[in-house]
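The structure appears below as structure tokens.
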2 protein chains.
Amino acid sequence: MPRRENVSMSVIRRLPRYYRYLHRLKEKGVTRISSTELSAKLGLTASQIRQDLNCFGGFGQQGYGYIVSQLYDAIANILGLSNGYPTVLFGAGNLGRAIATHMSFRDEGFRLIGIFDKSPDRIGTRLASLPVRDVAEAEKFCRTERPVMAVFCVPPEAAAELSAMLYGIGIRNFWNFSHYSISMHYPDAVVENVHLNDSLMTLCYLISDKAASAPEK
Amino acid sequence: MPRRENVSMSVIRRLPRYYRYLHRLKEKGVTRISSTELSAKLGLTASQIRQDLNCFGGFGQQGYGYIVSQLYDAIANILGLSNGYPTVLFGAGNLGRAIATHMSFRDEGFRLIGIFDKSPDRIGTRLASLPVRDVAEAEKFCRTERPVMAVFCVPPEAAAELSAMLYGIGIRNFWNFSHYSISMHYPDAVVENVHLNDSLMTLCYLISDKAASAPEK
DNA sequence: TAGATTGTTAATCGATTAACAATC
DNA sequence: TAGATTGTTAATCGATTAACAATC
């Protein structure tokens with residue numbers, strides 16, 4: 001994998017889309033695809049796709065295009081999906097349960113090894129083939145099991161406490177569903193935020209705006 | 001609300017963050033804030049914040065700053081949060097349940113009026129003070145209740161079917177957690193996608209990339 | 001009035017698109 | 001060889017940052 005110097009977030013966020021689409025193509029038995037075909041299917045420009053891929057190396061063949069399975073594997077490799085980073089999840093409420101069961105962490109580069117909650121009702125139950133543990137045991141567990149990433153499906157106050165503890169024992173990567181701003185407090189942490197409320201408000205804006213700009217009828 | 005012509009998505013996606021932070025300030029009893037203070041707290045530049053807000057009008061006062069409650073209300077108004085758009089949700093699995101219970105749709109511009117699932121185990125149960133209905137009744141329900149937005153917490157095949165049906169009866173707005181590409185099939189639909197798998201893969205890239213660029217030790 | 005901070009214009013930076021030479 | 005399509009450079013477009021005049 002040559003090149004790859006400060007690739008922009010815009011490019012990185014498109015990689016999973018390429019990856020998903022190539023997966024479908026593979027399933028359909030398509031072996032070869034050109035940037036033009038890809039662009040039509042994904043609603044991007046061919047130029048952009050070639051530009052994006054060339055951040056990481058030349059995966060195509062002039063006059064021919066890209067070999068689907070080869071490009072698919074290359075992107076999996078770029079994303080690091082075979083790493084299986086050991087992961088702990090905090091919060092076994094509705095969202096935590098959805099994340100734990102819905103996500104096949106394994107296919108996306110992670111391996112769920114521990115789930116924690118503070119509620120006695122939940123502690124001891126099983127979820128995604130794992131026991132839900134008392135969050136009080138989390139520090140001890142993490143010191144021995146050494147997870148690399150933590151998922152936060154907890155309220156902001158809990159996220160504040162937990163990130164302090166986890167940062168303290170060396171965890172630097174977070175998938176954050178809470179509204180606590182981890183990156184603000186730990187600038188060297190790698191944080192991927194998912195703010196569902198923000199997403200919903202954005203949609204509300206778009207709907208309201210459309211209604212405002214198309215007033216008649 | 002003056003101005004507002006083709007405001008960019010980058011600006012729109014920052015509005016909920018401003019809104020959330022202003023909410024916290026209000027709670028803390030802060031009445032006044034300058035763009036410089038705001039920028040420090042949010043990790044943006046003061047310039048950007050002023051630029052963003054001025055897409056919608058002049059909410060500040062020279063030499064003074066912004067009145068917290070006034071700006072808060074203005075943003076709520078810009079986002080259209082008081083619209084209470086009637087909304088239906090499809091899929092009462094783990095994710096659907098999380099969305100239905102976790103989200104206070106009301107605070108974010110929507111009003112959940114119907115939940116649908118195809119599984120007999122789930123039909124008839126209650127969720128977020130609503131009965132889970134048979135998806136077979138969805139069309140009839142929507143024809144009479146006229147929801148404005150639909151949430152998809154279903155697999156892609158179901159999303160394909162449902163979007164055809166819903167588009168057919170006039171629904172044009174979607175909060176899409178599935179990997180079915182609504183906008184590709186219905187270009188005039190307003191779609192907010194949430195792709196959790198993509199988010200996770202992006203995080204995997206960032207972790208792998210960090211590891212690669214800081215090799216020693 | 002003096003100090004502060006906005007609103008807004010101009011400069012910079014980065015990302016996307018277009019074009020085309022290289023080459024399979 | 002001719003046709004096709006990449007890799008890559010150059011041109012355009014848009015978003016962010018800087019600067020400063022307006023004004024509270």
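None of these values were measured; they are calculated from a predicted model. In what follows, chains are A, B, ... by sequence order, proteins preceding strands, each numbered from 1. Below, all heavy atoms of this structure are taken into account, side chains as well, without hydrogens, waters or symmetry copies.
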Does [N] have OP1 or OP2 sitting under 4.0 Å from an N or O in the side chain of [X]?
X: B/Thr45; N: D/dT17; answer: yes
X: A/Arg14; N: C/dT16; answer: yes
X: A/Tyr66; N: C/dC24; answer: no
X: A/Gln48; N: C/dT17; answer: yes
X: A/Arg50; N: D/dG7; answer: no

*Starting at the 5' end of DNA chain C and moving along, which residue's nearest nucleotide shows up first, B/Gln61 or A/Val11?*
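The residue closer to the strand's 5' end, by nearest nucleotide, is B/Gln61.
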
Using whole Å, report how far [atom1] of [X] lies from [atom2] of [N].
X: B/Phe56; N: C/dG7; atom1: CZ; atom2: C1'; value: 15 Å
X: B/Gln62; N: C/dG7; atom1: CD; atom2: P; value: 6 Å
X: B/Arg13; N: D/dA15; atom1: CZ; atom2: P; value: 13 Å
X: B/Leu38; N: C/dT5; atom1: CG; atom2: P; value: 13 Å
X: B/Ile49; N: D/dT16; atom1: CD1; atom2: P; value: 12 Å
X: B/Asn54; N: C/dT5; atom1: CG; atom2: C1'; value: 12 Å
X: A/Leu42; N: C/dT16; atom1: CG; atom2: C1'; value: 16 Å
X: B/Leu44; N: D/dT17; atom1: CG; atom2: C1'; value: 12 Å

*If you round to the nearest 0.5 Å, how far is CZ of B/Arg24 from NE2 of A/His179?*
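Rounded to the nearest 0.5 Å, the NE2-CZ separation comes out at 11.5 Å.
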
*So how far is it from A/Thr202 OG1 to A/Asp209 CG, rounded to the nearest 0.5 Å?*
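Nearest 0.5 Å value for the OG1-CG distance: 12.0 Å.
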
*Of the residues in residues 16-35 of chain B, which ones touch DNA chain C at a heavy-atom distance under 4.0 Å?*
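Those residues whose heavy atoms fall under 4.0 Å from DNA chain C, taken from residues 16-35 of chain B in numerical order, are B/Arg32, B/Ser34, B/Ser35.
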
Please work out whether the ring planes of [X] and [Y] are parallel, tilted or perpendicular, with thresholds of 30° and 60°.
X: A/Tyr85; Y: A/Phe110; answer: tilted
X: B/Phe174; Y: B/Phe152; answer: tilted
X: B/Tyr72; Y: B/Tyr19; answer: parallel
X: B/Phe105; Y: B/Trp175; answer: perpendicular

_Heavy-atom donor-acceptor pair, B/Arg32 side chain to B/Gly65 backbone, under 3.5 Å_ =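 No, because the side chain of B/Arg32 does not come within donor-acceptor range (under 3.5 Å) of the backbone of B/Gly65.
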
_Base partner of C/dC20, which must satisfy Watson-Crick or wobble distances under 3.5 Å_ =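 Checking every strand shown, C/dC20 finds its partner in D/dG7, with both distances under 3.5 Å.
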
Looking at [N], does its base get a donor-acceptor pair with the side chain of [X] below 3.5 Å?
X: A/Ser10; N: C/dA15; value: no
X: A/Gln51; N: D/dT6; value: no
X: A/Ser8; N: C/dA15; value: no

_Between A/Glu139 and A/Arg143, does any NZ, NE, NH1 or NH2 come within less than 4.0 Å of an OD or OE carboxylate oxygen?_
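Salt bridge present between A/Arg143 and A/Glu139.
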
